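Some notes on the structure that comes next.
All values below were derived from every heavy atom in this structure, side-chain atoms included, with hydrogens, water molecules and symmetry-related copies excluded. Read the numbers this way: they start at 1 and go in the same order the structure lists the ligands and their atoms. Owing to the predicted nature of the structure, the values given are computational and were not obtained by experimental measurement.
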Amino acid sequence: MKRLAAEGIALAALTGIGLAIAANANAYVVQLLFSTALAVTLAVGWNLIGGMAGYVSFGQVAFFGLGAYAAALAMLTLALPWPLATLGAILLAMVSAWPLGRIMLRLSGIFFALGMFGLARVLQIIVNTLAITGGPMGTSVPAAEGPAATAKAMVVLAAGAIALTMAISRSRFGLRLAALRDDAIAAAAAGVDTARVKVIAFCLSAGLAAAGGAVYARNVGYIDPNSAFAGTIELQTVLMVLAGGIGTVWGPVLGGILISLLSTALWASFPTEQQIILGVLVLLLAVAMPGGLASLPMFRSWLRRPMLGAEALRAPASLVPAAFVSAANNAPDCHDARPVLECRGLGKRFGGVVALAGIDIAVRPGEILAVIGPNGAGKSTLFDMISAFSAPSRGEIRFRGHALARAAPHRLARHGIARTFQTSRLFPSLSVFETVLLAAASRHHRWESAVRSARVILDATELTADAERFPDSLPPGRQRLLEIARALALEPALLLLDEAMAGMTAAEIARVHAALRAATERGTAIIAIEHVLPAIAPIAARAQVLDNGQTIAEGPPADVLGDPVVIEAYLGTEIGTVS
Ligand code: ADP
Ligand code: MG
């Protein structure tokens, strides 16, 4: 709360100073204010997709140019007043960013960045050839009477952009963005609709860039394709974000203000060398401080993402219900004899490799099935298909009686299939509590119930003491435990554990067993993959042994252990000691 108040005061102060300068200063200073506020708006907007969502773009200037031209044409041909034209430009950019984002955001890393670069160039070429835009000569725009009005508008826009990211960083959406940036696959497994989250971030980012472009056009009174789609705008924006602190709320603001003031000061003294000096300074900064100014000790606590739910954690425990109330969706199936999951003839080929050669597997509500087998048997591949991370080459998967075909992983996560990964996939920037909260929020629409459910899960897995720690500071066993807690927070009907207990101490295994037993009492069916049986045998009713993509034995764990075929599969070693 204190942090929010401090940020609010900083934002109000910056806005107040900006508006006061716009109203009182001379034209030169007001122009400087305009370019600084524009820089902040563009940096904050770029940071939404490039920093907070983790999709670095080299082409957000496409939306700056689109906004500039859309507003100009709206004023020229539709005779709209400029505030309305600006609003129209923002809407147009956001609406066109939706389908564009759907396509472009399938790319990742450098491919997305370059794709966006290409998009900006394509738009520039189109604008260059159209008659209505004035072609390469550009077009003049009904200009403002003086710089004060546009400077004020730009300050208000910048303040709005900052307020938007402040709100996002404290919201469920912000939590999902952070998870997406850290690990998109784990985010999907926690029920996050990653495609949607990143497209929303892309649209917001496009809207801010377009707003900047629209007010820019009004301010200069003239636009042409080279200035509206200038690569230097993009480059400067990226540099500002990197200098300030990518992915943070205040880094881009800091970077935007400092770099635009610095570049003006440099320009006054060294007009010809300005760009070179600026480039060298930014390079030095990047080498000395890869995290930007945000990584300076004086800024660090303030520029870090505010931790969500910290207040809820400190709320009196009496607010938390004593017993975990099970998900309503488990109840109908509970103690019903019908399998929750039924796979028939499931097969998967990777080119010439047959990972799974057609297996049948079924599990009932409240049942724990152990799946064991040597390395390469196809166990993880089986989980990838059940949780829709990969499509089967053949066979059928039925979940609660419905065939799963073309389901998205996040949908299954929300509707009752939770999983862990053989190699840990945790979110480095999410606290233990936030990690569990992220999954709980996929299940509960009301934030309060998500928080409550996350607290109950933390208590059940004895992670409450670590709630505010980050995963990389936890011992390996507790990291695995956190992954199990995240899966349990989805209140699944079917829980898939992929060697979840590997590397745990005996005490930790006992704790997991207790949590799993509690889950089965609520009707959750569990399939637990273990490389060796002892970690799971005490609580499993049945075991199914895979080898070479086929089921080679099935039955009560004790019987399976003694089966000669199984011993043979483990190369004659005693299963109990294979590790
Ligand atoms: P397990 O989990 O039982 O150790 P996996 O399911 O990971 O086994 O792998 C089964 C087989 O499929 C192995 O031979 C593995 O090399 C192969 N495999 C798994 N994933 C892929 C992939 N993405 N591409 C090619 N081969 C794969
Ligand atoms: Mg595996």
Is NZ or CZ of K348 both nearer than 6.0 Å to the six-membered ring centre of F350 and within 45° of the ring axis?
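Yes, K348 and F350 form such a contact.
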Face-on cation placement of R176 at F173 ring, 6.0 Å and 45° thresholds
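Verdict for F173: no cation-pi partner in R176.
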Quiz question for you: does at least one protein heavy atom lie closer than 4.0 Å to atom 27 (C) of ligand 1?
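Looking at atom 27 (C) of ligand 1, one finds that a protein heavy atom does lie closer than 4.0 Å.
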Strictly inside 4.0 angstrom of atom 16 (O) of ligand 1, do you find any protein heavy atom?
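Under 4.0 Å from atom 16 (O) of ligand 1, zero protein heavy atoms found.
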In ligand 1, which numbered atoms sit nearer than 4.0 Å to a non-hydrogen atom of N375?
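In order of number, 4 (O).
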Pull out every atom of ligand 1 sitting under 4.0 Å from any heavy atom of A377, numbered as shown with elements.
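Once the distances to A377 are compared, the set is 1 (P), 3 (O), 8 (O).
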Pair F63 and F202, ring centroids less than 6.0 Å apart:
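Yes - the distance between ring centres of F63 and F202 falls below the 6.0 Å cut-off.
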Looking only at protein heavy atoms, which one is nearest to [atom], and what is the separation?
| atom | result |
| --- | --- |
| atom 8 (O) of ligand 1 | G378 N, 3.2 Å |
| atom 7 (O) of ligand 1 | S380 CB, 3.7 Å |
| atom 12 (O) of ligand 1 | A355 CB, 3.2 Å |
| atom 5 (P) of ligand 1 | T381 OG1, 3.6 Å |
| atom 23 (N) of ligand 1 | F350 CE2, 3.5 Å |

One thing to verify: whether E434 and R305 come together as a salt bridge, which I'm taking to mean a side-chain N less than 4.0 angstrom from a carboxylate O.
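E434 and R305: salt-bridged.
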Where I552 and V566 come nearest, the two heavy atoms and their spacing:
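Taking every non-hydrogen atom into account, CD1-CA, 4.2 Å.
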Heavy-atom closest pair, residues P557 and A540:
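Nearest pair, atom of P557 first, then A540: CG-O, 3.5 Å.
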Of the backbone and side-chain N, O or S atoms of T381, does one lie nearer to the Mg ion (ligand 2) than 2.8 Å?
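It does not; every qualifying atom lies at 2.8 Å or beyond.
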Look at N375 and state whether any of its N, O or S atoms is less than 2.8 Å from the Mg ion (ligand 2).
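For N375, the answer is no, given that no N, O or S atom comes within less than 2.8 Å of the Mg ion (ligand 2).
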Main-chain N/O of T435 paired to R486 side chain as donor or acceptor, under 3.5 Å
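Checked: no pair found.
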N/O donor-acceptor pair under 3.5 Å between H415 side chain and R411 backbone:
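Pair found, side chain donor or acceptor close to backbone of R411.
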Is the closest heavy atom of G373 to ligand 1 under 4.0 Å?
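Outside the 4.0 Å threshold, so no.
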Which option wins on minimum heavy-atom distance to atom 4 (O) of ligand 1: P374, G376, G352?
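Closest candidate by heavy-atom distance is G376.
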Can you confirm whether K379 sits close enough to D498 that some side-chain heavy atom of one is under 4.5 Å from a side-chain heavy atom of the other?
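Contact flag for K379/D498 side chains = no.
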